[in-house]
Amino acid sequence: MNKITVSVLMGSDSDLEIMKGAIDVLNNFGVTNEVLVLSAHRTFEATREYVMSSIDRGTKVIIAGAGGSAHLPGVIAAMFPLPVIGIPIKSKSLEGLDSLLSIVQMPPGIPVATVGINGAKNAGLLAIQILATFDKELAEKLNVFRSKQKDAVLEKTEKLKTLGVEKYLKILKK
Ligand code: RP5
């Protein structure tokens with residue numbers, strides 16, 4: 001896939017460290033993406049221009065993260081007819097509950113698929129799952145990812161059985 005299939009937008013560069021979780025997942029799955037800092041409030045004209053041009057350029061999913069009075073995902077969803085995934089960024093004053101409620105409580109008719117507070121990894125995976133509905137190669141990569149994830153958990157349970165709780169905890173703390 002050479003086209004920009006997923007755009008990753010965030011309200012501030014202070015969100016970037018968290019948003020990297022989504023970007024890393026997209027890159028690991030080989031999904032072409034574009035990353036921008038654009039705010040619903042501070043750069044509303046530029047945000048509008050970018051989203052409108054994304055529609056013309058064939059972007060399939062937009063991931064948007066914002067904190068506090070987190071309007072970015074909802075404003076994007078108002079303009080972009082395809083899936084928008086919102087990431088509530090943990091805020092300083094209200095621990096991200098403000099971000100979560102701002103993003104999740106959309107009016108009927110304009111949905112935003114909202115992940116958990118700082119849930120950037122899941123946002124990346126959800127975007128890939130959406131693309132996998134029409135991309136077999138991605139669907140196969142998702143199967144491999146889940147299979148590896150399952151094996152990692154089963155290995156842990158085996159290790160726990162072998163070592164016992166105390167020794168396991170000691171190794172975890174190292
Ligand atoms: C939001 O305000 C951003 O998404 C960010 O999470 C929060 C704080 O922004 P800065 O003051 O760090 O730029 O719009």
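In each ligand, atom 1 is the first atom listed, and ligand 1 is the first ligand listed. Remember, predicted model here, so these are calculated numbers, not experimental data.
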Problem set entry | Option of least heavy-atom distance to atom 6 (O) of ligand 1 (set: D15, L16, L38) | D15
For this session: Under 4.0 Å from a heavy atom of G11: give me the atoms of ligand 1 that qualify, with their elements.
Result: 3 (C), 4 (O)
For this session: Keeping the roles fixed (side chain from N118, backbone from K90), state whether a donor-acceptor pair exists under 3.5 Å.
Result: yes
Exercise. For ligand 1, is there an N or O atom under 3.5 Å from any N or O atom of S12?
Worked result: yes
For this session: Could you establish whether R42 and ligand 1 come within less than 4.0 Å of each other, counting only heavy atoms on the residue side?
Result: yes
Exercise. Thinking salt bridges, do E17 and K20 make one under a 4.0 Å N-O criterion?
Worked result: no
Problem set entry | Residue A66 vicinity, atoms of ligand 1 by number, heavy atom under 4.0 Å | 4 (O)
Problem set entry | Interatomic spacing from OH in Y50 to CD1 in I62 - rounded to 0.5 Å | 6.5 Å
For this session: From atom 2 (O) of ligand 1, work out which of G68, P88, S14, G67 has a heavy atom at the shortest distance.
Result: G67
Problem set entry | Side-chain ion pair, K148 and E155, N-O less than 4.0 Å | no
Exercise. Hey, are T162 and Y168 close enough side-chain-wise for a donor-acceptor pair under 3.5 Å?
Worked result: no
